[in-house]
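Note sheet for the following structure.
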Amino acid sequence: MKFGVVVFPGSNCDLDAYHLVKDVIKQPVDYVWHQEESVTGYDCIILPGGFSYGDYLRCGAIARFSPVMKAVKEFALRGGLVIGICNGFQVLVEAGLLPGALYRNTVLQFRCQFTHLKVENYETPFTETIERGRLLKIPIAHGEGNYYVDNETLRQLESNGQIIFRYATEQGEVSDTANPNGSVYNIAGVCNANKNVLGMMPHPERAGEAILGSEDGLMIFDSILKHWEGSRL
Amino acid sequence: MLKAQIKVLLKQSVLDPQGQAVEKALGSLGYNNVEHVRVGKYLEVTLAENNREAAHKQVEEMCERLLTNTVIEDYTFTLVEV
């Protein structure tokens, strides 16, 4: 399964994502420069974290107009798997590939900590092999991860099963105390209606080896791999 | 030439953490009559364009496409001669 890690000027988790794919899950992977006009040949595109275009204007607002994003959009509309992590999530909402918006944390702090994620929908390529009821311990590192949708859109997301991850306590309780950034409904990750595009603020690529304090991020990548293998049978 | 003076604010329905922090800071400076603060953005876009109608249409399009995120932000602008 071939992965492409998009590199915008200002991306800084591209190396982490590349390392995880190449050295941990051991799959072929390329960096894809933001000026590329095609993503043909890839099975999954990762939009990594960082500060694309210096986060000028709004996070992700300028990156969405990169040549590569036109190709990523077409790839996504054809059903290709896309995962946007942190700044990559911000790019996906700005590009309109995912609903909602991400803005300043209510706490006004950059939050860099482990979070515990409750999986809300297991019927997606990103979550289908995750053990039911298992909380994922995955770190966040952001100042603008406050997810906003209006009430009507929230209801739609809920009824379509598009809410994928919610911030919970270590005991699995979804509560205000577990919410690190003020996100509506404790939302940490959402997907599109077709379930092939996932955006999440936590960094699964930073939770792929025991030495990093958690391997739970691997569950997401294992799911992607198994889904892809299954789709080829 | 025409210059667009664009003001961008978070929608009323969207919580404004920066505004809240500034509100508290003003309160702690003793400004006890401060009711509410919201923090936004101000942009100036100068166009090589003299037709107000065309400029208006173009600035509106710029706001919708790039300058604002209409999921969370509202904008207003005025055009002035420069």
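Just so it is clear: chains get the letters A, B, ... in the order the sequence lines come, proteins before strands, and each one is counted from 1. All of these numbers come straight from a predicted model, not from anything done at the bench. Computed from heavy atoms alone, side chains included, the values below leave out hydrogens, waters and symmetry copies.
- Taken to the nearest 0.5 Å, the CG atom of A:Leu57 stands 6.5 Å off from the CG atom of B:Leu43.
- Within 6.0 Å of CD on A:Gln109 lie more than 12 heavy atoms contributed by other residues, nucleotides or ligands.
- The 12-atom threshold is not exceeded at CD of A:Glu170, counting heavy atoms of other residues, nucleotides or ligands nearer than 6.0 Å.
- When every heavy atom of B:Ile72 is checked against every heavy atom of A:Ala101, the shortest pair comes out as CG2-CB, 3.7 Å.
- Within a 6.0 Å radius of CZ in B:Arg52, more than 12 heavy atoms belonging to other residues, nucleotides or ligands are found.
- Side-chain contact check for B:Glu73 versus A:Tyr103: every heavy-atom pair is 4.5 Å or farther apart.
- B:Leu66 and A:Phe65 make their closest contact through CD1-CE1, 3.6 Å (heavy atoms, listed as atom of the first residue, atom of the second, distance).
- In B:Tyr42, the OH atom is crowded: over 12 heavy atoms of neighbouring residues, nucleotides or ligands sit closer than 6.0 Å.
- Ranking A:Arg58, A:Arg104, A:Arg64 against chain B, the residue ahead of the rest is A:Arg58, based on heavy-atom pairs under 4.5 Å.
- Proximity to chain A is limited to the side chain of B:Lys41, based on heavy atoms less than 4.5 angstrom apart.
- More than 12 heavy atoms of other residues, nucleotides or ligands sit less than 6.0 Å from atom NZ of B:Lys11.
- In this structure, no portion of B:Gln20 lies under 4.5 Å from any heavy atom of chain A.
- In this structure, no portion of A:Asp150 lies under 4.5 Å from any heavy atom of chain B.
- For A:Leu108, the part sitting under 4.5 Å from any heavy atom of chain B is the side chain, from C-beta outward, and nothing else.
- The 12-atom threshold is not exceeded at CD of A:Glu37, counting heavy atoms of other residues, nucleotides or ligands nearer than 6.0 Å.
- Annotation: A:Tyr56, atom OH; neighbour count of heavy atoms from other residues, nucleotides and ligands within 6.0 Å does not exceed 12.
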